[in-house]
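Worksheet: one structure, shown below.
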Amino acid sequence: MTKIINVIKGTHDILPQEVEQWHILEENALNTFTKYGYKEIRTPIFEATELFARGVGDTTDIVNKEMYTFEKSDRSLTLRPENTAGVVRSYIENGMSRLSPPVKLWYKGPMFRYERPQKGRQRQFHQVGVEMFGVKDPAADAEVIIMAVDYLKSLGLNDLEVEINSLGCPKCREEFKNNLKKVLKPEFENLCEDCKNRYEKNPLRLLDCKVESCKAIFEKPEIQKVIQSDFICEECAEHFSKLKSYLDKMNIKYTVNKLLVRGLDYYNRTVFEIKSNNLGSQNAVCGGGRYDSLVKNLGGEDTPAVGWAMGMERLNSLLTIPETKKLNGYIVSNSPQDALELACELRNEGYNIEFDLSNKKFTKQLEKASKVADFALILGEDEIKAGKVSVKNLATSEQKTVSRQELRSIL
RNA sequence: GCGCCUGUCGUCAAGCGGUUAAGACCUCGGAUUGUGGUUCCGAUAUGCAUGGGUUCGAAUCCCAUCAGGCGCCCCA
């Protein structure tokens, strides 16, 4: 037997029985984001590798080990691992800084990361996300978070936890990093391998380590003192406290998590995640924050921005599978020509109609009809002769023989 | 990239060294030549992820590869 070809590791088919859920995610996204004045943007699935190296940051895991990069005509191209860099590129390239701020954009689509697949993590996955450009005020941060919660509510997801934190600006963060490194230096040799790595790469992440011996080290008073200190500068602190008060006023429940640090380099000040307890270890459905220097770093005008992305597969696994919709009618007939005629006629008027194309036995056709449709439209010899059709309600077994015009009032 | 666990029909599975590889659902056919959803019969794995090895004998034991699950890292 010829060998079959399988899907690539970390990718999967979205089968017909699952696709209805995706429609729900997409329709609710369009409706919710439109309410807030967002417009959809669709950017290419691959971009210049440099965009991600400069945009996402070349010290990040995403850029260092997770990108699908290939060469074509002497160019280095990469399948997008996330879409913020692409949207920013488009914002700059299309002169959107000339539009009156805020510029509000949303997107959905596949992203690619070369990672070890597990639940809630695949190599090709889908994100829906939003980006708002041009507003420095924390009202923007608040609105974006509120919209995320609103969207999740529209999907029936009410009990998710919103966590927020402030990373400060590059300047105050640098100071904190240095203090942290200084106080941890004597303990460096006692840290786990991962933490030794993080010490150089991203000291903020150290605090989140799950290894017991590391946790014990962090408990030491002189280290706790640094961790607990409010390292962010006055301006950043004000931004953060305004955000909190906006959220309070809008009755958005959240917790401040000082250990919340996002792995993408472009974030500053506000970062947030929305988590679920039903997702295993990949428990964040939504992640985002402010990235005030990204537009400038990619060659645009200095433009503040804030946004988030949600993993659609993760959202999906939290939703209950909707029942598949039944057809309006299934035509039962041994005359394919008449069945086809009636089917086309009704379909043109917007009805969902199917009929048997292989001329199966009457009982088989009716059995099929009962499974997939609300009504059986029986078009036998007698009906054809009389120019009528017998309509059977498959839930109640009621059956009437009617003219084709009368049919519309029943369906 | 690392650690632990798993892999039997389209799906869910029983089997744990010698069986004709259970069973259920789905699908298809029949009982039922124009009346379904109930019922009853029947069909459907020369095969146990793939490749090696151990053994008189392997779905069952061992090794490798591939794939999946969980955790770490990281992230949506």
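In this text the structure is predicted, and so the values were computed from the model without any measurement.
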Mapping A/Ile378 and A/Lys371 to their closest nucleotides on RNA chain B, which lands nearer the 5' end? A/Lys371
With rounding to whole Å, what would you report as the distance between B/C12 and B/A22 at their C1' atoms? 14 Å
Just checking, is any N or O donor in the side chain of A/Asn316 or A/Gln21 under 3.5 Å from an acceptor N or O on the other one? yes
Answer with base, sugar-phosphate or nothing: what part of the nucleic acid does A/Glu115 contact at a heavy-atom distance below 4.0 Å? base
What's the gap between B/C5 and B/G10 when it is taken at their P atoms, as a whole Å value? 28 Å
Considering only atom P, compute the distance from B/C41 to B/U50 and round it to an integer number of Å. 34 Å
Expressed in angstrom and rounded to an integer, what is the separation of A/Phe52 atom CZ from B/C74 atom P? 22 Å
If the P atom of B/C62 is compared with that of B/G68, how far apart are they to the nearest Å? 23 Å
Classify A/Gln17 by what it touches in the nucleic acid, base, sugar-phosphate, or nothing, heavy-atom distance under 4.0 Å. nothing
Tell me whether B/G47 sits syn or anti, counting syn as a glycosidic angle within 90° of 0. syn
Between B/G34, B/G36, B/C73, which nucleotide has the shortest distance from any of its atoms to the side chain of A/Lys65? B/C73
Check: A/Ser390/A/Glu383 side-chain N/O donor and acceptor closer than 3.5 Å: yes
Does B/U65 pair with anything, Watson-Crick or G-U wobble, both distances under 3.5 Å, and if so, with which nucleotide? B/A49
For B/A67, take OP1 and OP2 only and decide whether either is under 4.0 Å from a side-chain N or O of A/Lys9. yes
Hydrogens and angles aside, do A/Asp150 and A/Tyr36 bring a side-chain donor and acceptor to less than 3.5 Å of each other? yes
Only pairs with both distances under 3.5 Å count, Watson-Crick or wobble alike; so what is the partner of B/C9 in this structure? none
Can you establish whether the number of heavy atoms outside A/Phe46 located under 6.0 Å from its atom CZ is more than 12? no
Using the C1' atom as the point on both nucleotides, what is the distance between B/G71 and B/G57, in whole Å? 40 Å
Do A/Gln122 side-chain and B/G68 base share a donor-acceptor contact under 3.5 Å? no
B/G36, B/C74, B/A76: which one has an atom nearest the side-chain heavy atoms of A/Phe125? B/A76
Applying a 4.0 Å non-hydrogen cut-off, can you work out what A/Glu381 is touching in the nucleic acid: base, sugar-phosphate, or nothing? base
Looking at A/Phe240, is A/Arg269 sitting on its ring face, NZ or CZ under 6.0 Å from the six-membered ring centre and within 45 degrees of the normal? no
Counter-base of B/G71, judged by Watson-Crick or G-U geometry with both distances under 3.5 Å: B/C2
Does B/A31 have OP1 or OP2 under 4.0 Å away from a side-chain N or O of A/Lys361? yes
Quote, to the nearest angstrom, the C1' distance that separates B/A49 from B/C56. 28 Å
If you assign each of A/Lys368 and A/Val261 to its closest nucleotide in RNA chain B, which residue comes earlier from the 5' end? A/Lys368
Distance between the P atoms of B/U19 and B/A24, in whole angstroms? 23 Å
Across the strands shown, which category fits A/Ala395 at heavy-atom distances under 4.0 angstrom: base, sugar-phosphate, nothing? base
Shortest non-hydrogen separation from A/Pro110 to A/Ile45 and the atoms involved: CG-CD1, 3.5 Å
Quick one: look up who B/C56 pairs with, Watson-Crick or G-U, both distances under 3.5 Å, and put none if it's unpaired. B/G18
Cation-pi check, A/Lys244 to A/Tyr254: give yes when NZ or CZ is under 6.0 Å from the six-membered ring centre and within 45° of the ring axis, no otherwise. no
Does the side chain of A/Thr32 come under 3.5 Å of the side chain of A/Asn28 through a donor N or O and an acceptor N or O? no
Using whole Å, what does the distance between atom P of nucleotide B/G34 and atom CG of A/Asn359 come to? 11 Å
In whole angstrom, give the distance that lies between atom NZ of A/Lys392 and atom P of B/G37. 10 Å
From C-beta outward on A/Ser397, which listed nucleotide comes closest to its side chain: B/A76, B/G1, B/G37? B/G37
Of all the nucleotides listed (B/G30, B/C74, B/G36), which has the minimum atom distance to the side chain of A/Glu66? B/C74
Would you classify A/Lys275 as touching base, sugar-phosphate or nothing, given that sugar-phosphate means primed atoms plus P, OP1 and OP2, and contacts are heavy atoms under 4.0 Å? nothing
Exam field: side chain A/Asn352 to backbone A/Asn328, donor-acceptor pair closer than 3.5 Å: no
How long is the line joining CZ of A/Phe362 and C1' of B/G30, in whole Å? 18 Å
Over how many whole Å does the gap from A/Leu191 atom CG to B/C73 atom C1' extend? 16 Å
From CZ of A/Phe355 over to P of B/G36, roughly how many Å is that when rounded to an integer? 23 Å
B/A43: pairing nucleotide in any strand, Watson-Crick or G-U under 3.5 angstrom: B/U27
A/Gln127 atom CD is separated from B/A76 atom P, nearest whole Å, by 6 Å
Report the base-pairing partner of B/G37 (Watson-Crick or G-U wobble, both distances below 3.5 angstrom), or none. none
Looking at every strand, decide which applies to A/Asn197 at a 4.0 Å heavy-atom threshold: base, sugar-phosphate, or nothing. nothing
N/O-N/O pairs, protein side and nucleotides 70-72 of chain B side, under 3.5 Å:
residue: B/C70; atom: OP2; partner: A/Lys119; partner atom: N; Å: 2.4
residue: B/G71; atom: OP1; partner: A/Ser281; partner atom: N; Å: 3.0
residue: B/G71; atom: OP2; partner: A/Ser281; partner atom: OG; Å: 3.3
residue: B/G71; atom: N7; partner: A/Gln118; partner atom: NE2; Å: 3.4
residue: B/C72; atom: OP2; partner: A/Ser281; partner atom: OG; Å: 3.3
residue: B/C72; atom: N4; partner: A/Gln118; partner atom: NE2; Å: 3.4

Touch class at under 4.0 angstrom, heavy-atom based, for A/Gly287 against every strand present: sugar-phosphate
Looking at A/Gln399 and B/U35, is any side-chain donor or acceptor paired with a base atom of the opposite kind under 3.5 Å? yes
Verify ring-ring contact (aromatic ring centres under 6.0 Å, His included) between A/Phe33 and A/Trp106, making sure each step is shown before the conclusion. CA-CA 7 Å; A/Phe33 304 157; A/Trp106 77 275; 5.3 Å; yes
Mind checking if A/Ala369 touches a base, just sugar-phosphate, or nothing, with heavy atoms under 4.0 Å? nothing
Expressed in angstrom and rounded to an integer, what is the separation of A/Arg205 atom CZ from B/C73 atom P? 8 Å
At 4.0 Å (heavy atoms only), tell me whether A/Gly10 reaches a base, stays on the sugar-phosphate, or touches nothing. sugar-phosphate
Nearest to the side chain of A/Ser370 - B/G30, B/G36, B/C73? B/G36
Which value, in whole Å, describes the distance between the P atoms of nucleotides B/C25 and B/C66? 38 Å
The residue among A/Asn197, A/Leu259, A/Leu184, A/Ile223 that forms side-chain contact (heavy atoms from CB on, under 4.5 Å) with A/Leu206 is A/Leu184
